[in-house]
Amino acid sequence: MKIFRLFVLVIVSAGFGVNVLAHHSTANFNFDDNARQTINGVVTYWSFTNPHSFVDVDVTQADGTVVSWKIFLTSRVALQRYGWRPSSLNAGDQVEIEGSPDFEKPSEMYLQRIVFPDGKTWSRDEIAL
């Protein structure tokens, strides 16, 4: 009987461990919350997913070269609360994005503000904490 209880305890504990590891916040990323950078570019990919959404944007530099950026966002569930939909962004859309740059990866950032193709602006400041 003791072995059975131990077995059940191990199985239940393992299940809790998986759930804890599956949840994470942006604290696991390496973004500088005190810095801001603004880019203008064309959306190439939009992932409206959990646990984090992201958008890929091609930015044309002054010399004509194109740099692909990866912009990280909060979860789909959180974005939906603020009116975002799968159709909020599409490949080919021209956007302006302000974000917190990654400390080590120069073409990655965490979204702080976006100006959509229709001119509407969304900012993380709108999120009630």
Side-chain angles (χ1 to χ4, degrees):
M1 191 67 170
K2 287 182 181 182
I3 292 176
F4 177 75
R5 286 183 186 168
L6 180 62
F7 176 75
V8 170
L9 179 64
V10 168
I11 296 298
V12 170
S13 296
F16 284 129
V18 170
N19 288 333
V20 170
L21 291 174
H23 176 77
H24 61 278
S25 71
T26 56
N28 293 335
F29 293 114
N30 198 25
F31 299 112
D32 184 355
D33 285 333
N34 298 315
R36 295 290 185 270
Q37 185 171 359
T38 301
I39 60 171
N40 288 285
V42 177
V43 173
T44 59
Y45 183 76
W46 161 233
S47 175
F48 193 51
T49 57
N50 287 317
H52 299 282
S53 296
F54 63 91
V55 59
D56 293 342
V57 177
D58 280 352
V59 176
T60 303
Q61 305 296 303
D63 65 2
T65 60
V66 176
V67 176
S68 295
W69 282 76
K70 182 164 292 295
I71 314 302
F72 294 87
L73 293 82
T74 189
S75 69
R76 175 183 178 140
V77 171
L79 290 172
Q80 284 176 312
R81 291 181 191 141
Y82 299 100
W84 289 62
R85 300 292 176 256
S87 61
S88 292
L89 292 170
N90 296 291
D93 286 349
Q94 181 74 34
V95 293
E96 177 181 296
I97 293 177
E98 178 183 347
S100 301
D102 188 279
F103 282 110
E104 297 173 3
K105 300 174 185 171
S107 60
E108 291 187 5
M109 69 171 64
Y110 190 75
L111 181 80
Q112 298 297 332
R113 181 184 60 84
I114 183 170
V115 179
F116 291 98
D118 64 3
K120 290 181 183 175
T121 300
W122 180 86
S123 172
R124 286 193 51 81
D125 294 338
E126 295 176 15
I127 297 176
L129 299 175

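When all heavy atoms are compared, the tightest approach of Gln112 to Ser100 is NE2-OG, 3.0 Å. The shortest non-hydrogen separation linking Glu108 to Phe72 is OE1-CE1, 3.5 Å. Taking both residues in full, the closest heavy atoms of Phe48 and Trp84 are given as CZ-O, 3.7 Å, listed atom of the first, atom of the second, then distance.
Looking only at side-chain heavy atoms (C-beta outward), Leu73 and Ile114 stay at 4.5 Å or farther from each other. When side chains are defined from C-beta on, Tyr110 does not count as touching Asp102, because their heavy atoms never get closer than 4.5 Å.
Among residues two or more places apart in sequence or in another chain, the salt bridge (charged side-chain N to carboxylate O under 4.0 Å, His left out) test is passed with Lys105 by none. In this structure Ser88 satisfies the side-chain hydrogen bond (donor to acceptor under 3.5 Å, both in side chains) test with no other residue, sequence neighbours excluded. Ala91 is linked by a side chain to side chain contact (heavy atoms under 4.5 Å, CB included) to nothing, counting only residues two or more places apart in sequence or in another chain. Checked against side chain to side chain contact (heavy atoms under 4.5 Å, CB included), Pro117 has the following partners two or more places apart in sequence or in another chain: Asp93, Val95. Listed by chain and residue number, Glu96, Glu98 satisfy the salt bridge (charged side-chain N to carboxylate O under 4.0 Å, His left out) test with Arg113 (two or more places apart in sequence, or in another chain). Evaluation of the side chain to side chain contact (heavy atoms under 4.5 Å, CB included) rule for Asp118 yields Phe116, Lys120 as partners, not counting sequence neighbours.
Using a 4.5 Å cut-off between side-chain heavy atoms of Ile, Leu, Val, Met, Phe, Trp and Tyr, with links allowed through other members, Tyr82 and Leu111 fall into the same hydrophobic cluster. Transitive grouping of hydrophobic side chains (ILVMFWY, heavy atoms separated by less than 4.5 Å) keeps Phe31 and Phe103 in distinct clusters.
Counting only residues at least two apart or on different chains, the side-chain hydrogen bond (donor to acceptor under 3.5 Å, both in side chains) pairs with a member in residues 37-48 are Ser47-Thr49. Among pairs with a residue in residues 73-83, none fulfils salt bridge (charged side-chain N to carboxylate O under 4.0 Å, His left out), at least two apart in sequence or across chains.
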Donor-acceptor pairs are to be reported for all side-chain atoms of residues 54-63 against protein atoms at under 3.5 Å, with residues two or more places apart or in another chain.
| from | atom 1 | to | atom 2 | distance (Å) |
| --- | --- | --- | --- | --- |
| Asp56 | OD1 | Lys70 | NZ | 2.7 |
| Asp56 | OD2 | Lys70 | NZ | 3.4 |
| Asp58 | OD1 | Ser68 | OG | 2.7 |
| Asp63 | OD1 | Thr65 | N | 3.0 |
| Asp63 | OD1 | Thr65 | OG1 | 2.7 |

